[in-house]
**Student:** 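Quick one: the structure is below, and I'll ask about it shortly.
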Amino acid sequence: MKSDLVSKIELLGFSQRAAQMYLTTLKLGGGVMQDIAKHSKVPRTSLYYTLEELLSAGALVESRLGKRNYYQAVPPRQLIAISKDRLSEAEESLPDLELEAGRGKSSSVEILHGPQGFKVAWEGLLQAKDKEFRIITSGESFLDYVREKYVIKTIIGRKKMLKVKSYQLIPDTAYAREIVSKDNQENRQSRFLPASVQLPYTIVFSKEKVLMISSRSENVVTVWNSPKLSMTMRSMFEELWRNSES
């Protein structure tokens, strides 16, 4: 079982074996490859590729000790600084990358999975030009994918920053009442559906996109890039809205 420290190093973009080798080298204070390989338990067949991954990323520094190569791990703060520099360079290329998004795609439907898929779907919705969206939800399904802190700071925070307004239909439960009490500060307007309404899926849509978010047991987020489906959903939503309790 990998340690928490190895998992943290992986967050910088390293494979598990590279993260383990970096941590081992850091603990040893440096060493020749024979010693590092022995303590890190990286298989011999993967040793060369793992070493190349760390050297090319700047995580290890190579020098000569007699007739053998000697390796030292760069300090953790320096490693994080290197990762930040790479992220900054990637962000500079973001406009060009966005121009490539969707080129050659024939389907109007995207099937995403897990917390990362959930985040990608929401990012696409918030990046749309539309300044409002509608949502039909139980209010709890988001927490199957992400922590409440992410919902408040990233989704709601971005929504407020972009001045996007939302309209929400939600079954009348104690938890829903707590959510609705924050409508004014979260740039939202809500109305209640009967408490008996069951909503295992959450549906969110703007003028061009429809997100269908399953429970985590099914682990699927479907994104429809379809103005016609959005129009259909809006017609249904407006009818429910007129007959719902504010």
**Student:** Which heavy-atom pair separates Ser230 from Val210 by the least distance, and what is that distance?
**Tutor:** OG-CG2, 3.5 Å
**Student:** Kindly check if the number of other-residue, nucleotide or ligand heavy atoms within 6.0 Å of OH (Tyr175) is above 12?
**Tutor:** yes
**Student:** As an exercise, state the distance from OG of Ser226 to NZ of Lys209, rounded to the nearest 0.5 Å.
**Tutor:** 11.0 Å
**Student:** Using a cut-off of 6.0 Å, state whether more than 12 heavy atoms not belonging to Lys131 lie near its atom NZ.
**Tutor:** yes
**Student:** Would you give the length of the straight line joining atom CG of Leu240 to atom CZ of Arg134, rounded to the nearest 0.5 angstrom?
**Tutor:** 12.5 Å
**Student:** Relative to the ring of Trp241, is the ring of Phe237 parallel (under 30°), tilted (30 to 60°) or perpendicular (over 60°)?
**Tutor:** parallel
**Student:** Given the rule in the side-chain contact (heavy atoms from CB on, under 4.5 Å) test, do Asp130 and Glu208 qualify, once you have shown the distances and angles that lead to the verdict?
**Tutor:** CA-CA 8 Å; Asp130 197 358; Glu208 296 186 350; over 6 Å; no
**Student:** Please round to the nearest 0.5 Å and tell me the distance separating atom NZ of Lys159 and atom OG1 of Thr154.
**Tutor:**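 Reported to 0.5 Å precision, the distance equals 14.0 Å.
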**Student:** According to a 4.5 Å side-chain heavy-atom criterion applied to Ile, Leu, Val, Met, Phe, Trp and Tyr, with indirect links allowed, do Leu23 and Ile82 form part of one hydrophobic cluster?
**Tutor:**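 Looking at the clustering, Ile82 is in a separate group from Leu23.
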**Student:** Report yes or no: do Val6 and Leu11 belong to one cluster of Ile/Leu/Val/Met/Phe/Trp/Tyr joined by side chain heavy-atom distances under 4.5 Å?
**Tutor:** no
**Student:** Are Ile9 and Leu87 grouped together when hydrophobic residues (ILVMFWY) are joined by side-chain heavy atoms under 4.5 angstrom apart?
**Tutor:** no
**Student:** Taking atom CD of Gln168 and atom OG of Ser244, what is their separation to the nearest 0.5 Å?
**Tutor:** 11.5 Å
**Student:** If the plane angle is over 60° it's perpendicular, under 30° parallel, otherwise tilted; pick one for Phe133 and Trp122.
**Tutor:**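 Judged by the thresholds at 30° and 60°, the geometry between Phe133 and Trp122 is perpendicular.
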**Student:** Testing the basics here: between Ala73 and Thr25, what is the closest heavy-atom pair and its distance to 0.1 Å?
**Tutor:** N-CG2, 3.6 Å
**Student:** I'd like a table of donor-acceptor pairs (distance under 3.5 Å, sequence neighbours excluded) in which one partner is a side-chain atom from residues 59-70, with atom names and distances.
**Tutor:**
residue, atom, partner, partner atom, Å
Glu62, OE2, Asn69, ND2, 3.3
Glu62, OE2, Tyr71, OH, 2.7
Arg64, NH1, Asn69, OD1, 2.7
Arg64, NH2, Lys67, O, 2.9

**Student:** How far apart are the closest heavy atoms of Tyr145 and Ser215, and which atoms are they?
**Tutor:** OH-O, 3.5 Å
**Student:** Quick check: closest heavy atoms across Phe14 and Glu53, and the distance to 0.1 Å?
**Tutor:**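 Residues Phe14 and Glu53, closest heavy atoms: CA-OE2, 3.4 Å.
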**Student:** Answer yes or no: is there a donor N or O on one side and an acceptor on the other, between the side chain of Lys182 and the main chain of Arg188, under 3.5 Å?
**Tutor:**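 Here the side-chain-to-backbone pair does not exist.
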**Student:** Working to the nearest 0.5 Å, report the span between CD1 of Ile155 and CG of Leu126.
**Tutor:** 7.0 Å
**Student:** Check the pair Gln16 / Glu10 against side-chain contact (heavy atoms from CB on, under 4.5 Å), numbers first and verdict last.
**Tutor:** CA-CA 6 Å; Gln16 181 179 338; Glu10 285 182 70; 4.0 Å; yes
**Student:** Could you measure the distance from the NZ atom of Lys41 to the OG1 atom of Thr24? Nearest 0.5 Å is fine.
**Tutor:**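 Answer for the NZ-OG1 pair, Lys41 versus Thr24, is 9.5 Å.
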**Student:** Same cluster or not: Val109 versus Met231, using hydrophobic residues (I, L, V, M, F, W, Y) connected whenever any side-chain heavy atoms lie under 4.5 Å apart?
**Tutor:**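 No, Val109 and Met231 fall in different hydrophobic clusters.
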**Student:** Please tell me whether Ile80 and Leu54 are part of a single hydrophobic cluster in this structure, the criterion being side-chain heavy atoms less than 4.5 Å apart.
**Tutor:**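 Cluster IDs for Ile80 and Leu54 match.
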**Student:** Let me check something: any side-chain donor-acceptor pairs from residues 32-40 under 3.5 Å, sequence neighbours excluded? List them with distances.
**Tutor:**
residue, atom, partner, partner atom, Å
His39, ND1, Asp35, O, 2.9
Ser40, OG, Ile36, O, 2.8

**Student:** Please identify which of these residues, Thr202, Ile213, Ile179, Ile203, meets the side chain to side chain contact (heavy atoms under 4.5 Å, CB included) condition with Thr137.
**Tutor:**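 Answer to the side chain to side chain contact (heavy atoms under 4.5 Å, CB included) test with Thr137 among Thr202, Ile213, Ile179, Ile203: Thr202.
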**Student:** So for atom CG, which belongs to Asn243, do other residues, nucleotides or ligands contribute more than 12 heavy atoms lying within a distance under 6.0 Å?
**Tutor:** yes
**Student:** Quick test of your reading of the model: are Arg158 and Glu123 salt-bridged, counting only N-O distances below 4.0 Å?
**Tutor:** yes
**Student:** Just do the side-chain contact (heavy atoms from CB on, under 4.5 Å) check on Met21 and Leu47 with the steps written out, would you?
**Tutor:** CA-CA 9 Å; Met21 184 180 285; Leu47 197 58; 3.5 Å; yes
**Student:** Heavy atoms only: give me the nearest Ser138-Pro171 pair and the separation to one decimal.
**Tutor:** CA-CD, 4.0 Å
**Student:** Taking all non-hydrogen atoms of both residues into account, name the closest pair between Tyr22 and Val74 and its distance.
**Tutor:** OH-O, 2.7 Å
**Student:** Would a distance-only check, ignoring hydrogens and angles, find a side-chain to backbone donor-acceptor pair under 3.5 Å from Asp172 to Ala195?
**Tutor:** no
**Student:** Side chains of Arg17 and Thr50: is there a donor and an acceptor less than 3.5 Å apart?
**Tutor:**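 No, Thr50 and Arg17 have no side-chain donor paired with an acceptor closer than 3.5 Å.
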**Student:** Check whether more than 12 heavy atoms from other residues, nucleotides or ligands sit under 6.0 Å from atom CH2 of Trp224, and answer yes or no.
**Tutor:** no
**Student:** Would Arg177 count as a cation-pi partner of Phe192, with NZ or CZ less than 6.0 Å from the six-membered ring centre and within 45° of the ring normal?
**Tutor:**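 Yes, Arg177 and Phe192 form such a contact.
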